[in-house]
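Heads up: the structure comes next, in structure tokens.
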Amino acid sequence: MRRSPRLIIAIVIAIISLVSYYTAREYNPVTKETQHVNITPKQEIALGLQAAPQMASQFGGLSPDQQKQALVDEVGNRLVSKTEAGQTPYKFDFHLLVDEQTINAFALPGGQIFITEGLMKLMGTEGELAGVLGHEIGHVVARHAAEHIAKAQLTEGLTGAAVLATYDPDDPSSQRTAAVAALIGNLINMKFSRDDELEADRLGVRFTSEAGYDPRAMINMMETLAQASKGQRPPEFFSTHPNPERRIEQIKAAIQERFPNGVPNGLTR
């Protein structure tokens with residue numbers, strides 16, 4: 001049976017995409033996992049530094065509140081210096097964004113970490129701030145951005161191959177098949193994002209406790225976020241962030257695993 005040139009090209013693209021992804025492997029000493037990544041830590045740092053100004057501008061720029069910024073720096077640097085995060089090649093910088101309406105915090109590859117005034121306003125303790133920053137540091141050292149770049153390239157290659165193989169310009173119905181292939185690719189990446197969030201929570205428990213903070217403050221922060229997001233949160237499956245209730249379960253499990261005999265006294269909450 002004679003195969004169409006379009007199908008042959010699609011198969012070649014798919015094979016190249018799969019081989020490129022699965023042969024790019026690197027061990028992460030912090031997470032003790034072997035990851036599929038195809039950029040170096042230096043490239044991650046460069047990407048983060050390049051994107052930082054644009055990301056800040058999307059939230060109205062940096063906050064002029066020097067006192068709050070100093071607190072963010074103090075807590076963030078303590079988390080880095082007291083944990084294995086400080087032994088990684090990443091260069092951490094902590095930025096307070098002026099946006100008071102958006103409740104968010106995020107990390108760029110390489111160590112650029114941002115938190116909005118809107119989220120800061122919800123925090124009642126230094127430990128809660130440590131929990132949020134520890135979570136974002138977790139994203140960086142777990143190399144989630146680098147993993148997503150590799151996954152995105154794989155998904156793009158496979159989706160492109162599927163579209164090329166299934167789309168027939170003389171058959172309008174094939175457009176629907178191609179659209180479904182693209183949707184599946186997007187949902188795959190969204191699932192990975194939720195997994196990353198839960199791993200970052202586990203690392204946040206580890207980093208906060210190592211730095212002398214009570215990880216139970218992360219639970220308090222999640223409960224506050226759950227209250228703030230009532231009636232506004234989309235279903236978990238279609239969100240890149242697990243809902244707060246789901247994250248509370250994971251945080252409690254991580255705390256129990258780390259402190260089977262109970263959280264010790266004297267940690268900063």
Side-chain angles (χ1 to χ4, degrees), residues 26 28 30-31 35 37-123 126 128-153 156 189-190 192-194 196-197 199-201 203-204 207-208 211 221 225 239-241:
E26 192 166 330
N28 189 320
V30 179
T31 63
Q35 300 173 281
V37 293
N38 53 14
I39 61 175
T40 67
K42 285 186 177 181
Q43 289 173 318
E44 290 176 76
I45 293 170
L47 284 172
L49 288 172
Q50 184 177 7
Q54 180 181 353
M55 292 303 298
S57 67
Q58 290 183 15
F59 293 86
L62 300 178
S63 172
D65 191 326
Q66 294 302 309
Q67 187 174 358
K68 286 184 182 177
Q69 177 62 62
L71 177 61
V72 171
D73 286 333
E74 179 185 347
V75 174
N77 290 329
R78 175 175 167 180
L79 288 164
V80 172
S81 65
K82 300 289 187 180
T83 68
E84 198 172 357
Q87 301 171 26
T88 68
Y90 300 112
K91 310 299 181 185
F92 289 93
D93 290 306
F94 301 91
H95 310 279
L96 178 62
L97 299 169
V98 73
D99 190 339
E100 295 185 351
Q101 305 304 315
T102 304
I103 300 172
N104 199 11
F106 56 91
L108 297 179
Q112 301 299 308
I113 293 176
F114 298 81
I115 181 171
T116 63
E117 286 266 21
L119 180 53
M120 280 285 287
K121 288 194 302 183
L122 296 179
M123 295 179 181
E126 185 177 320
E128 292 178 6
L129 174 60
V132 171
L133 297 181
H135 171 95
E136 300 305 332
I137 291 170
H139 279 304
V140 175
V141 300
R143 306 191 71 184
H144 289 155
E147 282 189 310
H148 273 276
I149 290 171
K151 289 169 187 172
Q153 290 175 345
E156 183 179 347
N189 277 342
M190 291 173 76
F192 282 132
S193 293
R194 291 197 304 277
D196 289 348
E197 293 295 334
E199 181 175 44
D201 277 336
L203 288 169
F207 293 154
T208 53
M221 192 68 246
L225 288 174
S239 173
T240 57
H241 289 68

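Throughout, residue positions are numbered sequentially from 1 according to the sequence presented.
Considering every non-hydrogen atom in both Leu203 and Ala142, the closest pair reads CD1-CB, 3.9 Å. Asp65 and Glu117 get closest at one heavy-atom pair: CB-OE2, 3.9 Å. In this structure, Val37 and Ala146 approach most closely via the heavy-atom pair CG1-CB, 3.7 Å. Taking both residues in full, the closest heavy atoms of Gly134 and Leu79 are given as N-CD1, 3.6 Å, listed atom of the first, atom of the second, then distance. Heavy atoms only, all atoms of each residue included: Ala105 and Val132 are closest at CB-CG1, 3.7 Å. Taking both residues in full, the closest heavy atoms of Ala107 and Ile113 are given as CB-CG1, 4.0 Å, listed atom of the first, atom of the second, then distance.
Note that CZ of Arg143 and NE2 of His148 are 13.5 Å apart. Values are rounded to the nearest 0.5 Å. Atom CG of Asn38 is separated from atom CD of Glu147 by 11.0 Å, given to the nearest 0.5 angstrom. Separation of atoms CD (Glu74) and CG (Leu133) is listed at 11.5 Å; rounding is to 0.5 Å. In this structure, CG in Leu108 is found 8.0 Å from NE2 in His95, a value given to the nearest 0.5 Å. Atom CE in Met120 sits 6.5 Å away from atom CE in Met123 (nearest 0.5 Å).
By the 4.5 Å heavy-atom criterion applied to side chains, Leu96 and Asp73 are not counted as neighbours. Between Asp99 and Phe114, every side-chain heavy-atom pair lies at or beyond the 4.5 Å cut-off. No side-chain heavy atom of Val141 sits under 4.5 Å from any side-chain heavy atom of Glu84. Counting only heavy atoms from C-beta outward, the side chains of Tyr90 and Ile45 approach each other to under 4.5 Å. Taking 4.5 Å as the limit, some side-chain heavy atom of Ile39 sits within range of a side-chain heavy atom of Leu47. The shortest distance between side-chain heavy atoms of Leu62 and Leu97 falls below 4.5 Å. Using a 4.5 Å cut-off on side-chain heavy atoms (C-beta onward), Glu126 and Arg78 make contact. For the pair Ile115/Glu136, no side-chain contact is recorded, criterion being any heavy-atom separation below 4.5 Å from C-beta on.
In the displayed structure, Lys68 atom NZ is contacted under 6.0 Å by more than 12 heavy atoms of other residues, nucleotides or ligands. Other residues, nucleotides and ligands place no more than 12 heavy atoms under 6.0 Å from the CD atom of Gln50. Applying the 6.0 Å contact sphere to NZ of Lys121 captures more than 12 heavy atoms from other residues, nucleotides or ligands.
The backbone N or O of Asn104 sits less than 3.5 Å from a side-chain atom of Thr116, completing a donor-acceptor pair. No donor-acceptor distance shorter than 3.5 angstrom exists from the side chain of Glu44 to the backbone of Val140, with no hydrogens or angles considered.
In this structure, His139 and His144 have perpendicular ring planes: the angle between them is above 60°, well past the 30° mark. Using bins of under 30°, 30° to 60° and over 60° for the plane-to-plane angle, the ring pair Phe92/Phe94 lands in the parallel bin.
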